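Beneath this line is the structure, given in structure tokens, with notes to follow.
In this text, all values refer to a predicted model and were calculated from it rather than measured experimentally. Residue numbers start from 1 in every chain, and the chains themselves are labelled A, B, ... in the order their sequence lines are given, proteins ahead of strands.
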Amino acid sequence: MAAADPIPTEFDAARAESESLTERILQLREAYYGHDTTLASDAEYDAMVHRLQAIEAAWPQLAGQDSPTQTVGGAGIDSTLFDPVVHAERMYSLDNVFSTEEFAEWAAKVERDAGGPVAWLCELKIDGLAINLRYEHGALTTAATRGDGVTGEDVTENVLRVPGIPRRLDGEGHPALVEVRGEIYFPVAAFNALNAEQTEAGERVFANPRNAASGSLRQKAAASKSAKETDLMRRRLERLRMLVHGIGAWPDPPVASQSGVYELLRSWGLPTSPSYRVESSIDGAIAFIEHYGEHRHSVEHEIDGVVVKVDDLAMHERLGATSRAPRWAIAYKYPPEQVQTRLRGIEISIGRTGRATPFAVLEPIRVAGSVVRRATLHNQDVVREKGVLIGDIVVLRKAGDVIPEVLGPVVDLRDGSERAFEMPTQCPECGSALAPSKEGDVDLRCPNARACPAQVRGRIEHIGSRGALDIEGLGEVSAIALTRPHGPLDTEAGLFDLTIDDLLPIEVPRTAPVGAEGLGVESLGVETPYRKVVKQARKDSPVEYGPSAAAEELVAELAKAKEKDLWRLLVSLSIRHVGPVAARALATHFGSLEAIRAASAEALAAVDGVGPVIAEAIIEWFLVDWHVEIVDRWAASGVRWSIPGHPGPGAVDEAPTGPLAGLTVVVTGSIEGFTREEAEEAVLAAGAKSTGSVSKRTSAVVVGPGAGSKEAKAIELGIPIVPAERFAEFLERGTALLE
DNA sequence: CACCCTCGAGTTCA
DNA sequence: CTCGAGGGTG
């Protein structure tokens with residue numbers, strides 16, 4: 001259940017502090033502006049605002065539109081730019097809850113006050129900018145921002161450019177005065193496009209759609225601006241949308257419920273949300289909250305929560321409001337998917353191919369359910385494009401809810417101490433000079449493929465990985481252990497010669513617990529993953545050691561790996577551009593490594609899926625002595641470099657046969673009775689190609705539980721979907737099943 | 001010359 | 001799982 005992300009206890013403290021700060025700040029502000037008195041020094045006031053900003057940076061769900069941080073400084077009312085508008089009726093903000101338990105408590109209290117069950121109107125809380133439209137006798141007279149709830153800014157001129165907002169209401173008999181409240185927002189797609197354009201133009205990106213909407217609406221047309229600038233501004237406004245969700249300043253509307261209000265607004269030609277629902281129970285409302293918690297991305301705009309309102313308008317009257325917020329509505333806030341945190345530094349990691357990849361070292365922060373401390377920055381160009389400086393507060397999100405991604409800096413929070421990242425010139429692991437592998441390449445590489453510890457470690461880990469030899473017990477941890485200084489391996493050449501005796505002495509320093517790095521805790525000792533105490537007769541007699549289960553397993557798995565498929569062995573050589581697909585094509589065509597080695601560039605490039613570049617990469621690979629040594633030593637250890645019974649190069653007709661011949665199939669989600677690997681093997685065995693991404697060339701997508709974006713993509717492209725239960729049937733009958 | 005695909009990489013959790 | 005980069009294909 002995505003809705004009730006477990007909230008750490010610090011959250012409650014942060015929330016309490018932000019509430020008391022908000023109250024204090026608003027009091028001081030009122031005293032200052034309203035009564036011309038000062039209850040605190042400017043410095044004290046500033047300190048409070050800063051503290052609140054810091055809390056909101058760490059807990060963005062606490063930063064609502066009505067927070068004093070949103071209405072002071074930066075985004076606040078600036079009378080020099082926009083005329084103030086006093087709302088005919090105050091624009092309230094909403095109280096927030098952050099868990100379903102809290103929501104249930106609130107709702108139960110409302111039902112007690114109401115004396116019985118209540119109908120709940122549930123709607124999506126859009127991450128946009130609250131706007132008040134004032135209609136007099138059916139004609140739009142002003143559009144204003146929320147401001148502090150009492151006074152906002154006149155942004156009529158800009159709002160008129162937002163599509164879908166009528167200047168005149170449809171129908172007849174409109175009240176002399178009515179205020180229509182709603183949210184102006186950027187649809188996610190338009191927001192992404194806008195940020196892409198900003199990046200391209202060398203301008204700063206917007207941290208979120210709300211800032212973008214606010215920035216766009218608060219642009220000022222000026223005679224000083226060029227026609228081009230004015231045009232740009234218009235285009236931006238035309239990408240905005242509005243949804244309305246309330247009325248004000250109309251004492252006796254001719255409807256009895258909030259949902260009735262929406263129908264009325266819709267009949268007037270105003271844009272209302274298509275996704276609201278009236279639920280007859282608290283559980284129903286919770287189900288709505290949970291549903292959209294899991295489908296936050298299936299609507300066109302960002303959702304930061306759900307608003308639940310009592311549907312009956314008479315009840316609104318009865319329940320009334322506190323000084324800030326009505327008692328008949330509440331905002332349920334989802335845990336944020338975008339947060340801000342400090343970029344402590346940018347470091348370089350060296351991959352198995354020697355590629356130097358910069359990654360962000362972040363102040364640890366919780367995003368979408370896990371604590372993130374690092375995020376990849378891909379390469380120098382990406383660092384530059386994102387415009388992040390070391391020391392910046394950056395916006396972070398989880399792309400696809402999994403991979404942390406730095407979106408960009410919060411420029412407003414810079415204090416001048418930030419510094420630019422400079423790409424190092426030396427490999428952090430072996431000190432070699434980094435250089436592009438060929439002219440004009442963006443990526444820098446460590447040239448020391450043979451001895452750079454990072455590269456050797458990476459290659460050995462790769463050999464054990466699922467896409468290569470799939471060796472149980474050979475993952476990241478054992479790759480580190482095996483390649484430590486004075487460890488048994490200095491390249492992968494000796495991998496299959498490893499014996500239990502080689503493994504026994506391996507010692508790995510115990511890693512410091514998270515958070516204790518650099519605290520001078522040096523005496524953590526070592527771990528001995530491959531040996532265990534067998535016996536010790538008496539306390540003072542010598543200890544006898546024997547191999548641990550991990551050691552036995554690794555040796556046994558290595559022995560098994562020697563006879564795995566030729567294509568897997570090929571993949572494990574880390575030849576550039578030779579992954580599972582190219583390796584399969586090469587293996588079936590040539591049948592043995594010897595045949596591949598003997599082949600000319602033309603012969604290699606003639607294989608389907610192999611072109612001149614891959615061919616060249618293979619030929620060059622075999623020209624390196626220590627590469628050949630890997631092949632020879634593995635062969636001497638019993639590695640089978642050929643497909644038994646293969647008739648020889650080019651002899652195998654590659655035209656696939658079988659029920660799925662000629663199809664391209666994608667498998668996603670979990671399929672009962674198959675691992676992912678097995679399912680893909682089965683697809684291949686049936687004569688189809690198995691690929692990882694859905695495109696218009698895909699023939700069918702096999703969808704099991706847990707499928708994500710790929711299923712959506714398939715539906716979007718109209719590609720046939722095979723449910724997991726019918727997978728076996730599909731393998732036998734092929735396309736016949738699809739008709 | 002598009003467009004699609006594969007490769008390579010980073011990250012985090014169960 | 002997602003992205004960028006760059007190779008391969010129609």
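Note on A/D490 versus A/R450: salt bridge recorded, some NZ/NE/NH1/NH2 to OD/OE distance being below 4.0 Å.
Screening A/E429, A/E492, A/E476 for a salt bridge (Lys or Arg N to Asp or Glu O under 4.0 Å) involving A/R457 leaves a single residue, A/E429.
For the pair A/R355 and B/dG8, the criterion of a side-chain N or O lying under 4.0 Å from OP1 or OP2 is not met. Of the side-chain N and O atoms in A/R352, one or more sit less than 4.0 angstrom from OP1 or OP2 of B/dG8. At least one side-chain nitrogen or oxygen of A/S349 sits closer than 4.0 Å to the OP1 or OP2 atom of B/dG10.
In this structure, A/L570 atom CG and B/dT6 atom C1' are separated by 16 Å, rounded to whole Å. Between the NE2 atom of A/H577 and the C1' atom of B/dG8 there is a distance of 9 Å, rounded to whole Å. With rounding to whole Å, A/R584 atom CZ is found 17 Å from B/dC5 atom P. Going from atom CD of A/E461 over to atom C1' of B/dG8 covers 13 Å, rounded to whole Å. The CD-C1' distance, from A/E476 to B/dT12, rounds to 12 Å in whole Å. One interatomic measurement links the two molecules: CD of A/E405 to P of B/dT12, which rounds to 14 Å at whole-angstrom precision. If you take CG of A/L396 and P of C/dC3, they are 14 Å apart, rounded to a whole angstrom. Note: CD1 (A/I350) to P (B/dG8) measures 16 Å, nearest angstrom.
Considering only the side chain of A/F359, B/dT11 comes nearest among C/dG7, B/dC7, B/dT11. The side chain of A/I614 lies closest to C/dG8, out of C/dG8, B/dG10, B/dT12. Among the nucleotides B/dT12, B/dG10, B/dC7, the one closest to the side chain of A/V581 is B/dC7. Distances were taken from every side-chain heavy atom of A/V613 (C-beta onward) to each of C/dG7, B/dC7, B/dT12; the shortest belongs to C/dG7.
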#### Entry: Intermediate values then yes/no, side-chain hydrogen bond (donor to acceptor under 3.5 Å, both in side chains), A/S574 and A/R352
CA-CA 8 Å; A/S574 283; A/R352 75 178 158 99; 2.8 Å; yes

### Message
Go through it in stages, so that I can follow the logic: the residues are A/T353 and A/R576, the test is side-chain hydrogen bond (donor to acceptor under 3.5 Å, both in side chains), and I'd like the CA-CA distance, side-chain angles, deciding distance and then a yes or no.
### Response
CA-CA 8 Å; A/T353 62; A/R576 282 264 249 149; over 6 Å; no

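Summarising the geometry of A/P723 relative to A/I721, their closest heavy-atom pair is CD-O, 3.6 Å, with the distance given to 0.1 Å.
Between A/V372 and A/S574, the residue anchored nearer the 5' end of DNA chain B, judged by the nucleotide with its closest heavy atom, is A/S574.
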